[in-house]
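The sequence lines fix the lettering, A, B, ..., with proteins before strands; numbering per chain opens at 1.
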Amino acid sequence: MAELTLNDYKSKVENAWCPGCGNFGILNTLQKSLLALGLPPERVLLVSGIGQAPKIVHYVHANAFDGLHGREVSSAQAAKIVADDLTVIVHSGDGGAYGEGGNHFLHAMRRNVDLTHVVHDNHIYGLTKGQASPTTEQGQKVAVHPDGVAALPMNPLALAISQSCSFVAQSLSSNAGHLQEILCEAIRHPGFSFVNVLQPCVSWDPVHTYAHYQKHCYLLDASHDPTDQLGALAVALAHDGRIPLGVLYRNERPALRPIMESGIGDLRTCTDRPARLAAVFNRFR
Amino acid sequence: MAELTLNDYKSKVENAWCPGCGNFGILNTLQKSLLALGLPPERVLLVSGIGQAPKIVHYVHANAFDGLHGREVSSAQAAKIVADDLTVIVHSGDGGAYGEGGNHFLHAMRRNVDLTHVVHDNHIYGLTKGQASPTTEQGQKVAVHPDGVAALPMNPLALAISQSCSFVAQSLSSNAGHLQEILCEAIRHPGFSFVNVLQPCVSWDPVHTYAHYQKHCYLLDASHDPTDQLGALAVALAHDGRIPLGVLYRNERPALRPIMESGIGDLRTCTDRPARLAAVFNRFR
Amino acid sequence: MEFNIRITGAAGQGMQTAADLLGRSLLRSGLHVYVHQDIESRIRGGINFSQLRCSDRPVHAPVERVDLLVSLSPESLRAHAPAVNAGGMIFATSAVEPADCPRCAPFVLSELARKAGNDKTVSTVAAAVAACALDLPAEILDTLVDERFGSSEKLLDVNRRAVQLTREAMLEAGLTGRLSLPGGSVSGTGASTDRLFVSGAASVALGALAGGCTFMAAYPMSPATGIMTTLSELTHDCGVWVEQAEDEIAAINMVAGASYAGARSMTASSGGGFALMTEGVSLLGMIECPAVIVIAQRPGPATGLPTRTAQGDLRLALNAGHGRFARVILAPRTVSEAYALTARAFDLAERYQIPVFVLTDQILQDCQTIIDRPDVPPVTRHVLTPEQAAALPFYERYAQTGDGISPMALPGQSRHVVCVDSDEHDPAGHLIEDAAGSAAMAAKRLRRIATVDAAAPLPECTSHDPALPLVVSWGTTAPVVVEALDALNAGSPRFNHLQVTQLWPLPDLRAIPAFAACSRLILVEHSVGDGLDGVLAQTQLRGVDAFIGKLDGRPFTVEELTARIGKEDHHG
Amino acid sequence: MEFNIRITGAAGQGMQTAADLLGRSLLRSGLHVYVHQDIESRIRGGINFSQLRCSDRPVHAPVERVDLLVSLSPESLRAHAPAVNAGGMIFATSAVEPADCPRCAPFVLSELARKAGNDKTVSTVAAAVAACALDLPAEILDTLVDERFGSSEKLLDVNRRAVQLTREAMLEAGLTGRLSLPGGSVSGTGASTDRLFVSGAASVALGALAGGCTFMAAYPMSPATGIMTTLSELTHDCGVWVEQAEDEIAAINMVAGASYAGARSMTASSGGGFALMTEGVSLLGMIECPAVIVIAQRPGPATGLPTRTAQGDLRLALNAGHGRFARVILAPRTVSEAYALTARAFDLAERYQIPVFVLTDQILQDCQTIIDRPDVPPVTRHVLTPEQAAALPFYERYAQTGDGISPMALPGQSRHVVCVDSDEHDPAGHLIEDAAGSAAMAAKRLRRIATVDAAAPLPECTSHDPALPLVVSWGTTAPVVVEALDALNAGSPRFNHLQVTQLWPLPDLRAIPAFAACSRLILVEHSVGDGLDGVLAQTQLRGVDAFIGKLDGRPFTVEELTARIGKEDHHG
Ligand SMILES: Cc1ncc(C[n+]2csc(CCOP(=O)(O)OP(=O)(O)O)c2C)c(N)n1
Ligand SMILES: Cc1ncc(C[n+]2csc(CCOP(=O)(O)OP(=O)(O)O)c2C)c(N)n1
Ligand code: SF4
Ligand code: SF4
Ligand SMILES: [Mg+2]
Ligand SMILES: [Mg+2]
């Protein structure tokens, strides 16, 4: 097989994001990460739902399952259970992941299927024109909330750590180096890897801008111990206005499929039914 | 009005729980708590879904909205927004609250409507005959999981604290005194009050028995500071096998309705439409 | 007399702002307009357009004809220039070779904007170009610009300049009044205070308020979102609570809770979002809970075409929810009917304690037109007052009655408790499992269906001679058919027309001679089939002989339907 | 020759264990049985029963007749004693006054259990009472008790003793062989290794496995849960992954993901849970994804009657999901047909790349009967092999084809990527918004509908004379009608019978003379209406003249339908 190049990950689909959108950084870095990991397009499955972020799966040349808004994690877990030899990466908007799909996110962390869930967190519903997402700031004035959002924003990092999610990280779409490092680590991590990527939306969100992140983000350094759950929570819950980038938390929980392995075999084949059923029938006597 | 007695809270509906079920303790204590708080039945709205626990609303004489499995919190929030003068208490099973209804739970904490959410946590799907709930132990062998549950149980207390839920407590169905204290406090607390009540299921769960709780539960004492979020998380996440009872966490976030108050008025009346609309029409010119 | 103006460009360039300025100008000039939006599912880039059908009489349907094209990007110019008719004109943001475009104006819009001091004023330039071409009174646009940009002196300044520069350029090019409308001379705002310029989405929202709505819970979804947006902006003015739910399931279950507690309540979504409410609809049926549900249709299946139009969700609305219970489905044809039917939906919902569906679609939601200032009669409630409830010796939410409708009390308003249950229940609202009690409650629900059925109104029929082929239409397709038939029937009548606004329940249509006698039934529906054709088969045992449908999500136009219906008058 | 045994008591007392022991005894005795369950929605207490219709020939329908009542609680005795027929017998756990109950056995079941050393052996006592009354070979029950309790010596001991004590009591009372069946003398297990004793739920699960199912995701819901339970117990034996999802929405979206990845996949729920899958069904339609969906029906609306039966979800299955796409709906009549049709569902789903529905109901799910050991032919896949995919120069998941069905490749099996999209898409599976591309893909979906329609099989019709009234039935109602008509047609034929097992799509039924010619159409359906009557109206433009339905959630019995159909042979 010829050596892989970045071009092998580029699709011909016309890009429909706004100029300057933070999604471009994620797209470029995703392609570079796949190349860096040496994963050929046909061994990669990108799963997404509906929104601006989810369009990313059309812009990468790879297998793509673009399903329903907020349901991407459900389809992805099953696809990975069945096609265990594929590298599965899910891309969601914050609306799909934490709003419509919040329940699936909660339970995917418990299930711990070996896949990577990248949430493009632009703190807004981009595609539907700027309504509040679960991570929009309290008081921020957006569509449908002319007086400002009344609810407290969700804290997805604290949520994930509190549920012992096996890999919890945050990165920034405009920090290509950091993002690539994190994506590669997340993809390599066996189990459900959750990456919240801060992604400026230049059309609807005047709060979480490139400048805002420039000012408030900081890199977690060696002093941070990602195996210390309470320490990770302290970082995620700090009310000092600083935004951590890096791997906040990780643990070594075994992924789902190995737990269940014995005797199940390849779920894509079902040629052995006559023999297997014959044995089973005898129980019904 | 004649003085209220416990009898005023008793309904004539035949009880269909198993003899010895932990739900009886919750039922009795709920009735006593309402009496202790002096809330007349017609000022109380009990909201529930489907399962064994949710049947409780039929066994109390009060207003009752017994809706869909897992959707009780959604209906309850809206009912409280509209009928702000009622005391609203939601009763869910752990399956309804954390499984089917997990997303509503997540977002109810953010919204902070002034109601009390009591989850009867029996670590099992009782009514449907003993399948795993989100809080069933990893490895526990139950219906549909003959090899034991593969997923990690959810930690609802840590979840709620991580999301700054305004009141987070745990109690035990068989500890009537403690439970009544906690229920009264939760009902009085302005905002979304979450109470996880440990409730033995004598029919399906041989693990979380009365004896088990007798052995492992401990009462949080004055040394626990419920306003310290990280301290509360440390309690909720402790891996020492001990089970805390008491108020783990609370904060003073304002409840939703006061935030939005200005000019909205009583949502049960709509007699002023002609005047109000006449003014609005002029914007469409 | 009418002129069609198409304003096209990339998403984010302000075509809708231009159309809004122009629409209001026409309103205040005493004229009429129908604006429809053709948009892609993206926030910037691509090619969108707003098309304004300007007329001296009310208009409710899209046409293909373009008399004046205002293009804000090279791509949109390339795409839309061919649509301009022979005598038409083109205004663009880039100079176009005369060879390519003999009808192009001699100046460039973006240059005027730049000269005005802000590139973004190009949308004001676009509006001004059209206003000048139509020769609308200058002071009208001036006032509108003042109103719109008045809060920022800087913005006001550049926009005023943009209008001024555009007027000069138009005059110089001799294009002022190039398209002039008879009503164009009506000056000032006096003539039109009794009319409003409203979008379909806003009209639904206003109708909801008129119907007594005080609670909406919904999750954003195109093309329904505009209803929620409009209502949210009226929260304090009208006393209506708008809750953005975490998902559609929360929304419908919130509606049930709010309605139970005493608020007239609604939700809105499109097919895919509504699909998630299906279980909740069944809850409404079981607990006999009033609710209004707007389905703003777009093409499916699944995510489909988010910003395009369709009439494909009738059977979904009809069959959503397991088990059988009463429901009503309404479909407004025009912006003003969207107001009236939505208000009516709230009355029906509470009167019969049922879910009432209002089916709109993208073309209606996003279009804007000029309507008469609506009546706002006082709301009549169909719930027990606290006094009425208090006077009852005991109260049962599901008391057995002849028509299947039980008096509805609200919780907390009297000494009686109000109990409802999604399980089968006894009259007091408590769960039961016995055969006799269950059968009695099921029978009550059937009686409620019969009550609602009996009240079904006969649809409107224009009949020339009962023997003619009958065209059936509903919703936004109906006004297009009306215009197509105006043309086709111009010489001698060739078609009758039945316009259905209440799609469910349907009465026995044989009471309409043109239906009973017709040998050829032609259904025009913006769908791929299996909508009203299926319902007619099911309820009237009458198949349609010709189905005029649509696969591509673009609206029917008058020209298209004139041609397609015209081919259908042979007797099958 | 048949005898009916009803075992009743409170939930948790072991009626189902007793019925299971007895059912297997009958199987191994070479006899037949149909067991149906009447259960309340609770775990302990109340009044449940299992009714065993024991016969020398296959039986598939419930009857009301009770020849032998075994009652385990005073409440159940009071409730069910009146049902016992004149010559019948009653065995109870409390002494009953002879005055009240002249047909009562002279000993008390619970005392036998207590004597055996464990109150819980009362279910074994119940089984033994019936086995003795039927005079089944003693070694059969002995072996079954060994098999069931062999893992615990203590349990085995008390249960053996319970059987022994019961036999003695029966002998002493002179009741052994009181109900004797002709086949009762068949001894040993030899005669019946070619038969199985299976519940409807298990039969669906086994059929799924035979159909190649390797993935199920579902959320528990009565009466569907048994399918998931059975499959989960076969995880390792058969190589099938059972995922208990956090909710039904996750379940259907998991099914889509698993199916895309290459597993034959299914889910199961009841109406209310399935309602939540509606959007997911539309996704399956859009991405052309095979899936099998079992809807185990129970009475609605909403939570309704969780443990009762109904055939009320046909129109839900038919219309679930916005937008239009192909689907097939099957409804097995019997336990053995549940196996065959479920297996067939998997083949159809993959062949046409569509959702295929299997409609069962509580009575089928929970009943148990004796079926012939089924065939397990090898599964034929309808997906591209890795080699076939690799040989293609390029691959498009939605390639345009004449029949609308595109070759399906699996991701990761060749160098081609496989892309699917819930948006409207191009042949390569990438989202599009243009009119022509969208129309082409919509047209492809319509062609797929036509392909599936064309393959619709004609239903089975028993016709005596085409002019007779035609009774139409489907699902579990059909075998009850068969028996009712056996009785009604015994003298001279009075009714024809059409049994529909594929409910959608339906072919043109006029190809069936008894349908084309009949002047009176009688539909028997366990619903409150608006099921197959609506579908017949819609597809065949034929209303039903008489509807025999059911409001209380209890199964139709042979006696009831014999009476109700008997009244319907006047020509309308
Ligand atoms: C069931 C359903 N509900 C609603 C929608 C409409 N919708 C499409 S994208 C979206 C939100 C987008 O926000 P997010 O997920 O944050 O993605 P972004 O566009 O911001 O990247 C919504 C509400 C839908 N497609 N499906
Ligand atoms: C939408 C839906 N899915 C599934 C069910 C079936 N169901 C009823 S109760 C229940 C679970 C009960 O568990 P839990 O909520 O923990 O309550 P418990 O019975 O244990 O008190 C389920 C799955 C349902 N009624 N509705
Ligand atoms: S709307 Fe925001 S998130 Fe979407 S493409 Fe534009 S900038 Fe990016
Ligand atoms: S099944 Fe468990 S939770 Fe339900 S009533 Fe019985 S003991 Fe209680
Ligand atoms: Mg977003
Ligand atoms: Mg539970």
### Task
Could you go through the side-chain contact (heavy atoms from CB on, under 4.5 Å) check for Ile43(C) and Trp17(A) one step at a time?
CA-CA 7 Å; Ile43(C) 304 304; Trp17(A) 288 326; over 6 Å; no

### Query
At a heavy-atom separation under 4.5 Å, does Leu127(A) approach chain C through its side chain, its backbone, both, or neither?
both

### Message
Just verifying a value: how many Å separate Met221(C) CE and Tyr125(A) OH, rounded to the nearest 0.5 Å?
### Response
12.5 Å

#### Entry: Residues Val144(A), Glu233(C); criterion side-chain contact (heavy atoms from CB on, under 4.5 Å); working and verdict
CA-CA 7 Å; Val144(A) 184; Glu233(C) 287 159 1; over 6 Å; no

### Least distance between heavy atoms, Ser232(C) atom then Pro146(A) atom
O-CG, 3.4 Å

### Task
Tell me, with the steps shown, if Arg42(C) and Lys55(A) meet side-chain contact (heavy atoms from CB on, under 4.5 Å).
CA-CA 10 Å; Arg42(C) 61 195 293 170; Lys55(A) 290 180 183 169; 4.2 Å; yes

#### Entry: Crowding at CD, Gln214(A) (>12 non-hydrogen neighbours, <6.0 Å)
no

### Task
Pick one of side chain, backbone, both or neither for Leu231(C), based on which atoms fall under 4.5 Å of a heavy atom in chain A.
neither

### Message
Please give me the minimum heavy-atom distance between Gln244(C) and Ala143(A), naming the atom from each residue.
### Response
OE1-O, 4.5 Å

### Query
With a 4.5 angstrom heavy-atom cut-off, which part of Thr225(C) approaches chain A: side chain, backbone, both or neither?
side chain

### Task
Check Cys18(A) against Arg44(C) and note the closest heavy-atom contact, atom names and distance.
SG-CG, 3.2 Å

### Message
Please report the interatomic distance CD1(Ile50(A)) to OG(Ser41(C)), rounded to the nearest 0.5 Å.
### Response
8.5 Å

### Query
In terms of heavy-atom proximity below 4.5 Å to chain A, should Glu40(C) be classed as side chain, backbone, both, or neither?
neither

### Query
Based on non-hydrogen pairs under 4.5 Å, which of Ser203(A), Gly49(A), Gly99(A), Gly130(A) is most in contact with chain C?
Ser203(A)

### Query
CD/Glu100(A) to CD/Glu246(C) distance, rounded to the nearest 0.5 angstrom?
9.5 Å

### Summary
Applying a strict 4.5 Å limit to non-hydrogen atoms, the region of Asn15(A) in contact with chain C is backbone

## Note on the structure
Of all heavy-atom pairs linking Thr303(C) and Gly67(A), the shortest is OG1-O, 4.3 Å

### Task
Please round to the nearest 0.5 Å and tell me the distance separating atom CG of Leu276(C) and atom CZ of Arg71(A).
5.5 Å

